[in-house]
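Encoded as structure tokens, the structure appears first; notes follow it.
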Amino acid sequence: MLTEPRSGRLAAWGNALLAGIASPDDAVSAVVGEDAVHRVEGLPGESGPVGLSLALGRLRALGVTGLRVALPVPGHPLGLSGPPEFNARALEAEEAVVCHGAAFGLVPEVREAGPAGDVHVEVLWRCLPVREAPPADVPSLGEAERELAEALREATEALSRLDVAGSGPVAEAAVDAYRARVEGGDGEVLAPGYPPRAVRVLELARRVGLLVSVANASGHGGAVSASEMAARGEALRPVERTARRARVAAYNSVVEERERGVR
């Protein structure tokens with residue numbers, strides 16, 4: 001939950017590029033991050049994989065005006081609209097980007113390459129047709145913010161009752177890593193052009209993700225029986241789902257506001 005999805009970086013910076021408030025070089029650099037290279041395959045008019053800059057330009061020429069994020073998991077097709085082939089690929093990757101303005105979607109395939117000691121990550125985005133329909137189960141920013149605050153409070157209370165404490169070496173390391181990322185600037189995951197509320201919602205979703213990560217990594221804590229372990233899982237599942245919905249709402253907010261005529 002603490003690592004931002006590649007689909008989030010592509011949608012955020014792709015939206016900034018499409019809006020003319022980020023340069024192609026800046027957008028591509030932000031999307032690629034620490035990966036070695038990103039390419040896009042399956043674009044209409046292209047016989048093979050092309051670079052991100054060319055791909056985003058081609059999508060704009062095809063009518064794409066915005067990019068949305070999908071973060072589906074089994075039983076929860078969050079952000080998807082079909083068809084089944086695209087949904088299946090997105091579900092396998094647990095993320096995807098869905099274009100607004102033209103019926104295309106992008107699913108990442110991530111692989112490691114290079115010799116031992118010099119391994120690098122390459123990403124190939126598969127461009128596939130999608131169904132033009134409202135994305136599944138995506139809340140508004142306001143709904144996401146309210147749900148997150150409630151989920152954080154309820155999960156904290158439930159985990160405290162179950163003696164899943166936010167302490168110990170694993171928890172302390174997770175908190176220290178999160179603080180270092182924020183202080184080092186890695187917390188700025190949204191691109192220019194996003195409303196302040198989207199930044200706030202995404203930051204809260206990351207904090208909720210930290211809670212889930214710490215609770216999952218903290219071993220059995222005081223939950224020594226099977227029923228107590230099941231109770232912990234029951235407490236964490238809805239908060240993890242809420243955090244994913246909020247992330248999608250934050251990344252998609254620029255497109256949603258444009259549709260409503262806010263911007």
Side-chain angles (χ1 to χ4, degrees), residues 1-41 43 49-60 64-72 78-80 89-90 93-100 104-112 120-127 135 138 141 144 177-178 180-182 184-195 198-207 209-210 243-256:
M1 285 293 297
L2 295 182
T3 300
E4 290 308 311
R6 289 179 173 87
S7 56
R9 297 203 307 264
L10 177 56
W13 285 93
N15 283 329
L17 176 62
L18 291 170
I21 53 180
S23 71
D25 288 346
D26 287 346
V28 169
S29 177
V31 173
V32 173
E34 296 181 358
D35 299 334
V37 65
H38 284 219
R39 296 186 179 89
V40 180
E41 185 171 65
L43 280 169
V50 300
L52 267 183
S53 182
L54 191 155
L56 289 169
R58 178 56 57 85
L59 288 171
R60 176 161 47 192
V64 173
T65 58
L67 301 173
R68 289 187 173 107
V69 170
L71 297 178
L78 177 60
L80 298 178
R89 285 181 177 266
E94 295 191 351
E95 62 176 311
V97 171
V98 179
C99 299
H100 177 67
F104 300 106
L106 303 165
V107 180
E109 295 178 4
V110 182
R111 71 182 186 93
E112 294 183 345
H120 60 273
V121 174
E122 299 178 352
V123 180
L124 180 68
W125 295 88
R126 298 279 184 187
C127 181
V138 179
L141 272 178
Y178 175 77
R181 288 178 61 190
V182 172
D186 193 36
E188 299 297 328
V189 294
L190 285 177
Y194 275 82
V199 177
R200 186 168 67 246
V201 167
L202 186 56
E203 174 61 19
L204 182 56
R206 294 178 72 175
R207 283 160 49 195
L210 177 64
R244 280 191 300 108
R245 293 179 77 237
R247 282 187 168 195
V248 172
Y251 285 121
N252 295 3
S253 58
V254 166
V255 177
E256 305 305 332

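Small disclaimer: the values here were computed from a predicted structure and weren't measured.
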Check your understanding: What residues, two or more places apart in sequence or in another chain, satisfy salt bridge (Lys or Arg N to Asp or Glu O under 4.0 Å) together with Arg200?
Key -> Glu145
Review point. Do the side-chain N and O atoms of Asn15 and Tyr251 include a donor-acceptor pair separated by under 3.5 angstrom?
Key: no
Exercise for review: Flag the pair Val37 / Val123 as yes when at least one side-chain heavy-atom distance between them is below 4.5 Å, and no otherwise.
Suggested key: no
Study note, to complete from the structure: Rounding to 0.5 Å, atoms CH2 (Trp125) and NE2 (His38) come to a distance of 7.0 Å
Check your understanding: With sequence neighbours left out, what residues match Glu109 under salt bridge (Lys or Arg N to Asp or Glu O under 4.0 Å)?
Key -> Arg89, Arg126
Study note, to complete from the structure: Correct closest heavy-atom pair for Ala55 and Val50 would be CB-CG2, 3.9 Å
Practice item. Would you check if Leu202 and Glu4 make a side-chain contact, meaning some heavy-atom pair closer than 4.5 Å? Key: yes
Exercise for review: Mind checking side chain to side chain donor-acceptor pair (under 3.5 Å) for Glu122 and listing every partner two or more places apart, or none if nothing turns up?
Suggested key: Arg111, His120
Revision key, fill the gap. dist Leu10:CG -> Leu106:CG (nearest 0.5 Å) comes out at 6.0 Å
Using residues 18-30 as the side-chain source, report each donor-acceptor pair under 3.5 Å to any protein atom, sequence neighbours left out, with the distance given to one decimal.
{"residue": "Ser23", "atom": "OG", "partner": "Asp26", "partner atom": "N", "Å": "3.1"}
{"residue": "Ser23", "atom": "OG", "partner": "Asp26", "partner atom": "OD2", "Å": "3.3"}

Revision key, fill the gap. The side chain to side chain contact (heavy atoms under 4.5 Å, CB included) partners of Pro135 (sequence neighbours excluded) come to Arg68, Val138
Point to revise | Residue pairs passing the salt bridge (Lys or Arg N to Asp or Glu O under 4.0 Å) test where at least one lies in residues 27-37, sequence neighbours excluded | key: Arg6-Asp35, Arg9-Asp35
